[in-house]
Amino acid sequence: MTHIISELAYLVAGVLFITGLKWLSSPESARRGNMIAAVGMFIAIVATLVMQEILSFRLIVIGTVIGAVVGAVAALRVAMTAMPQMVAVFNGFGGGASALVAWAEYLRLRPGGFAMDTPISIVATTIIGAVTFSGSMVAYAKLQELVTGRPIVYRFQQASNLLLALLIVGVCGYLVVGAFSTGPQMELYIAAMVLSLILGVVFVLPIGGADMPVVISLLNAFSGLAAAAAGFVLKNHVLIVSGALVGSSGVILTRIMCWAMNRSLANVLFSAFGAEVAVVGAAGTTAGPTVKSVTPDEAAILLGYAKSVIIAPGYGLAASRAQNEVRDLADALERRGVDVKYAIHPVAGRMPGHMNVLLAEASVPYEKLLDMDEINPEFPKADVALVLGANDVVNPAARHDKSSPLYGMPILDVDKAAHVIVIKRSLNPGFAGVDNELFYLDRTRMLFADGRDGLVKIMQELERV
Amino acid sequence: MTHIISELAYLVAGVLFITGLKWLSSPESARRGNMIAAVGMFIAIVATLVMQEILSFRLIVIGTVIGAVVGAVAALRVAMTAMPQMVAVFNGFGGGASALVAWAEYLRLRPGGFAMDTPISIVATTIIGAVTFSGSMVAYAKLQELVTGRPIVYRFQQASNLLLALLIVGVCGYLVVGAFSTGPQMELYIAAMVLSLILGVVFVLPIGGADMPVVISLLNAFSGLAAAAAGFVLKNHVLIVSGALVGSSGVILTRIMCWAMNRSLANVLFSAFGAEVAVVGAAGTTAGPTVKSVTPDEAAILLGYAKSVIIAPGYGLAASRAQNEVRDLADALERRGVDVKYAIHPVAGRMPGHMNVLLAEASVPYEKLLDMDEINPEFPKADVALVLGANDVVNPAARHDKSSPLYGMPILDVDKAAHVIVIKRSLNPGFAGVDNELFYLDRTRMLFADGRDGLVKIMQELERV
Amino acid sequence: MELLFAVYIFVLATFVGFEVITKVPKLLHTPLMSGSNAISGISIIGALVIAGFVEEPFRAMLGLFAVVFGAINVVGGFLVTDRMLQMFKRKPGDREARRAQS
Amino acid sequence: MELLFAVYIFVLATFVGFEVITKVPKLLHTPLMSGSNAISGISIIGALVIAGFVEEPFRAMLGLFAVVFGAINVVGGFLVTDRMLQMFKRKPGDREARRAQS
Ligand SMILES: NC(=O)c1ccc[n+]([C@@H]2O[C@H](COP(=O)([O-])OP(=O)(O)OC[C@H]3O[C@@H](n4cnc5c(N)ncnc54)[C@H](OP(=O)(O)O)[C@@H]3O)[C@@H](O)[C@H]2O)c1
Ligand SMILES: NC(=O)c1ccc[n+]([C@@H]2O[C@H](COP(=O)([O-])OP(=O)(O)OC[C@H]3O[C@@H](n4cnc5c(N)ncnc54)[C@H](OP(=O)(O)O)[C@@H]3O)[C@@H](O)[C@H]2O)c1
């Protein structure tokens, strides 16, 4: 009977998760959707505590309090610009929790002998969970610049990674096949776990910091799979349902990001993209034709007397935390009767929807944030395109230069506007490490400055115009 | 082991059903989607025959052959215009099959005693299946005009129907509660079944022929529920999955139709809508202002010299089977350089998507069939709107006359075109039974003829123009 | 437990159904109706088992009818849907054009 | 059977996930990522049971860590998502306007 009640509670939790995700599909209801999912989680936890046999609540309370406090403090204090690495960390802990659960179940079940399928599930949970954990932590370190964001490459890297993966498969195979025999099983199990932790690290190391969002999203799918696999171990259906939901969500987001960058997942994971940034960039800056720069007061005049301005933000907006300043500038322009819109490229910044979140933080109404497909036809009609710390997503080479690594990626057509103002600190390339011919166009003016500083100065000048 | 294999086969079947339905969402892949679903069905059937204990195949073969032949002949010979009633019949048989299965299970399980939940499932399957069966047959009879399509109303109809429903609930309650005791259970069970069959009939009788699509779609949802309930009886998961899929599909389609007519489901089911057609219609025809009629050659001139023509077909297209003729006319016009489009109202005709199917039969490419929302902005720019046997879906009263039963239903804005030509046989009203002010507008010309005849005559004249 | 399992599956499949079906465009609603209707003939697989159990003639008879009904629904439903869908074409010659391109 | 059940549920839930997630607009992809990430902390409910079984200290210790990890993921994930979503607003004053209308 208690079993039935808790199963029903789990079913309710699963339905709430689904409903929550459904509501996430509209900005109107998204916040409620997230809360509903949280309620589902709460119900699942309470049902577990009430319905399952719990000998002592001491460790449970300690663990929950510590975890909740750490999680809450981290979540409430993190800057919006550091969101990607925060998600990575949380995600890693989720995977870690699944792996630990599998380990504990292994210890519990081994003496008594396993049911048919349990060894596979346990081993799968352990590997996936461990890879998720260590991989996410490396992703975090890279984004937080605790280690270099550059791809870390060394000789025989891919070969040794492959070897490691094969070794893990071998050990796991032995563990599963030999699950019902005696022998050094426990040692091998721990070996599999440690090897998986290592795999997570070496898997993420050669991937460039700017590709981390793809990796995080993939690891998100992994943590879902780990939870689902843990559900197979525990025969717990809400774990399976939630894990499957998260797994598919991660897979879809990964796919979307790869599409938007016009690269395959394999290319993202294995090509050490961006390792040669410095070289190409330097070449571009020294040998190229000259660019026209612009002073803040000239920029202010251009903007202030325009009829319509489209702002195309990129990673530089996040890096210089200029979201409030850009909004102030837009407001000032609108007060002068200028029509202002934002052009949001799907992979501008370093996470899917990164620009949306930042600009939303500055209370820019989301109807003003136009998708690439919607805004591109508007550029030819715009007087000024203001490129704010964006680079790759506005690089015209993507349209015509077959040798460019960006070739084929859909871009924002800022170069079709009457005037282009680009705010960035130098002529250095962006994430893809290629030079940008946009900067050398006749109609382009460069404003070399940190994103925020540049905006503030334009604002000041604008007040005088 | 065989159990596991058949369960896996059922899972595959379920996945194929889902995939099939997914593919149904684009005209490119829809046909393959339907085939995939059929393959799923085939797999489920084969798995059942191979994996389950079957004592004798004689009856199975006989039954399958009879059913397959009857179904195939009916499906291949039915005219496209009679599609709605065909779907109703098939649907009824599906519900009937579920009810019979429940009956047989009742007979099998009763001597040995039931599991906890089985009586409820059996009773539910029986009622829903029986109502689906008899209700669908009445819907068929109405649409095929074996009985009058008019709502059949009599005194105390709703009260007696309610009483009948309550009676059934009572009997079923007794059956479920008393499932584990002895007594006249079998007699009561049969009584419940018979009462349900009667309920199906009296439930559909008062609903007008034109509302049958809604009823059929609702009964479709019922047959899904019956199959799912049968799945609960047999503990067969592919039945549950498929039943749930069909159930939700039926519910969604019902909802969409009600929305598009701007009526509630309750209004459709219980208001005997259309019972007074003749009265209102007659009043409108005799007392109204006069209309301007047009001869086929005048119509041909108007059409032939137009730059753009929008054709708005309605039930009259289906009734006069004019789909090929309308296409011929459109082709002839296009050869003359006229731009021709079709305006498809969601509830034009008598089934959702009715016009699409008919025009597709005449090989009209589906990009020319524009949804209401897409085409409405085009009417003000069109030279001629050709209304072909449509009435309610082009009635401007829906926009402004609060007393009209159509008030609030979105309509095709044919009255905004420079000229309107209406082909129908008389000034009689359409399904909703209300007069149409469109016919009395200055810019409207009526061509009184059967839909097909009218088109043929216009064609002949057009060749001379 | 069996019952719980059944409820789980029913709930999840209902969600799938709602999500998948809401994506079907109006253009295809009639084929959708008849296609999903064909799927509801799935109860034929319950009927098969019953019709095969000939030891109890009356039950087997019920099974026979159920098989006939189910087969009509399944065969008729899929065929009629196919007939409808067969008619949905792009511009004539379009298919060839696309084939030539790729 | 248990395993089959689990596979059924996994398959259906995956379908639901795909269908539901593909409807989320780009605008909300970052919150979606962190929200679904919070849901993956569900393994905390496995951890709770293990941490409660104190008779085996080592296992309970593993459970403790798993609870801490899970709680970080769940609490942090939902809170951070909420913080992000809180910022998505229509035009200021818009909400009042709509309320007045209805
Ligand atoms: N969004 C995603 O989900 C995602 C995921 C993976 C990869 N990516 C990749 O990331 C790239 C995103 O394109 P993007 O155009 O947004 O960025 P980007 O191409 O990386 O360029 C960003 C530019 O911002 C400038 N910048 C950096 N800090 C700045 C500051 N403080 N003030 C002003 N400017 C600053 C940099 O130039 P200076 O150094 O001269 O200032 C740099 O050229 C794409 O290549 C995309 O494929 C995105
Ligand atoms: N599509 C659905 O799913 C659905 C479902 C339920 C209800 N309905 C209802 O059905 C109605 C559909 O609107 P509608 O405009 O398509 O049809 P309608 O309002 O029923 O009008 C059809 C018109 O076609 C004419 N007609 C009949 N036979 C004809 C023939 N052989 N040749 C030429 N004209 C002929 C009739 O006028 P004459 O007699 O003068 O010729 C009639 O006025 C709506 O009220 C809708 O709510 C639709």
Side-chain angles (χ1 to χ4, degrees), chain A residues 17 21-22 24-25 27 30-31 34 38 44 48 52 54-56 59-60 63-64 66-68 70-72 74-75 87 90-91 93-94 96-98 100-101 103-104 107 117 220 223-224 227 230 232 234-235 237 239-242 244-246 248-249 252 346 351-353 356-357 360-361 365, chain D residues 2-3 6 9-10 13-14 16-18 20-21 23-24 26-30 32-37 39-43 45-54 59-60 62-82 84-85 87-91:
Chain A
F17 290 154
L21 288 175
K22 274 175 75 109
L24 263 178
S25 61
R31 198 170 170 206
N34 183 52
T48 308
Q52 308 260 17
I54 305 265
L55 291 188
S56 147
L59 290 183
I60 294 181
T64 314
I66 297 180
V70 172
V87 173
F90 290 154
N91 190 44
F93 281 124
S98 297
L100 289 174
V101 167
W103 188 359
L107 294 178
D117 55 298
N220 196 11
S223 79
F232 277 83
L234 301 169
K235 297 286 177 298
H237 307 119
L239 256 72
I240 299 179
V241 170
S242 335
L245 290 174
V246 178
S248 36
S249 139
I252 290 177
M351 292 192 85
N356 296 300
V357 172
E361 190 193 3
Chain D
E2 283 258 28
L3 178 63
I9 291 199
F10 182 75
T14 304
V16 176
F18 268 95
V20 170
I21 304 288
K23 281 189 188 151
V24 178
K26 292 198 192 99
L27 174 69
L28 290 167
H29 276 170
T30 296
L32 170 64
M33 195 153 151
S34 78
S36 69
N37 172 30
I39 294 179
S40 78
I42 184 75
S43 23
I45 70 174
L48 292 173
V49 178
I50 295 167
F53 194 73
V54 278
R59 287 215 315 119
L62 289 180
L64 172 64
F65 276 101
V67 170
V68 174
F69 282 16
I72 292 180
N73 186 358
V74 169
V75 175
F78 282 121
L79 277 182
V80 102
T81 311
D82 189 63
M84 276 189 249
L85 290 173
M87 302 175 323
F88 282 83
K89 293 191 202 82
R90 295 186 142 256
K91 291 189 211 73

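Here the structure is a predicted model, which is why all the values come from computation and not from measurement. Just the heavy atoms: all of them, side chains too, but no hydrogens, waters or symmetry mates, feed the values below. Just so we're on the same page: letters track the sequence lines, and every chain starts at 1.
Taking chain D as the reference chain and counting heavy-atom pairs below 4.5 Å, the highest number among A:Ile54, A:Ile240, A:Leu245, A:Val241 is found for A:Ile240. Per-residue heavy-atom pair counts under 4.5 Å with chain A were compared for D:Gly17, D:Gly41, D:Ala60, D:Gly52, and the maximum is reached by D:Gly52. Between chain D and the options A:Ala227, A:Ser56, A:Gly94, the largest number of non-hydrogen pairs under 4.5 Å is found for A:Ser56. When D:Val67, D:Ile45, D:Val74, D:Val16 are compared by the number of non-hydrogen pairs under 4.5 Å with chain A, D:Ile45 comes out ahead. For the set D:Asn37, D:Thr14, D:Ile21, D:Val80, the count of heavy-atom pairs under 4.5 angstrom toward chain A peaks at D:Asn37. Among the candidates D:Ile39, D:Val24, D:Leu79, the residue making the largest number of heavy-atom pairs closer than 4.5 Å to chain A is D:Ile39. Comparing A:Phe232, A:Phe93, A:Trp103 by heavy-atom pairs within less than 4.5 Å of chain D, the highest count is held by A:Phe93. The residue among D:Leu62, D:Thr81, D:Val75, D:Val49 with the most heavy atom pairs within less than 4.5 Å of chain A is D:Leu62.
Residue D:Lys23 comes nearest to A:Ser25 through the heavy atom pair O-CB, 3.6 Å, listed as atom of the first residue, atom of the second, then distance. Of all heavy-atom pairs between A:Ala68 and D:Ala71, the closest is N-CB, 3.8 Å. Shortest non-hydrogen contact noted between A:Val87 and D:Ser34 is CG2-CB, 3.6 Å. In terms of heavy atoms, D:Ile42 sits closest to A:Ala44 at CD1-CB, 4.1 Å. Across A:Ala97 and D:Ala66, no two heavy atoms sit closer than the pair CB-O, 3.6 Å.
With values rounded to the nearest 0.5 angstrom, D:Phe18 atom CZ is found 5.0 Å from A:Ile252 atom CD1. With rounding to the nearest 0.5 Å, the separation of CD1 in D:Ile9 from CG in A:Leu239 is 11.5 Å. The CD1 atom of A:Ile60 lies 12.5 Å from the CZ atom of D:Phe53; values are rounded to the nearest 0.5 Å. To the nearest 0.5 Å, atom CZ of residue A:Arg31 and atom CE of residue D:Met84 are 13.0 Å apart. A distance of 7.5 Å separates CG of D:Leu28 from CG of A:Asn356, quoted to the nearest 0.5 Å.
Heavy atoms of D:Val20 lying under 4.5 Å from chain A belong exclusively to its side chain. In this structure, the portion of A:Thr48 lying under 4.5 Å from any heavy atom of chain D is its side chain and not its backbone. Interface residue A:Asn91: backbone and side-chain heavy atoms are both found under 4.5 Å from chain D. Proximity to chain D is limited to the side chain of A:Leu234, based on heavy atoms less than 4.5 angstrom apart. Residue contact with chain D, scored on non-hydrogen atoms closer than 4.5 Å, involves the backbone and the side chain of A:Ala72 alike.
Checking side-chain atoms of A:Asn34 against main-chain N and O of D:Leu85 turns up no donor-acceptor pair under 3.5 Å.
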Q: Show the numbers, then the answer: is there a side chain to side chain contact (heavy atoms under 4.5 Å, CB included) between A:Leu21 and D:Leu32?
A: CA-CA 8 Å; A:Leu21 288 175; D:Leu32 170 64; 3.9 Å; yes

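Evaluated for a side-chain contact (heavy atoms from CB on, under 4.5 Å) with A:Ser223, the options D:Ser36, D:Ser43, D:Ser40 yield exactly one hit, D:Ser40.
Between A:Thr64 and D:Leu48 there is a side-chain heavy-atom pair separated by less than 4.5 Å.
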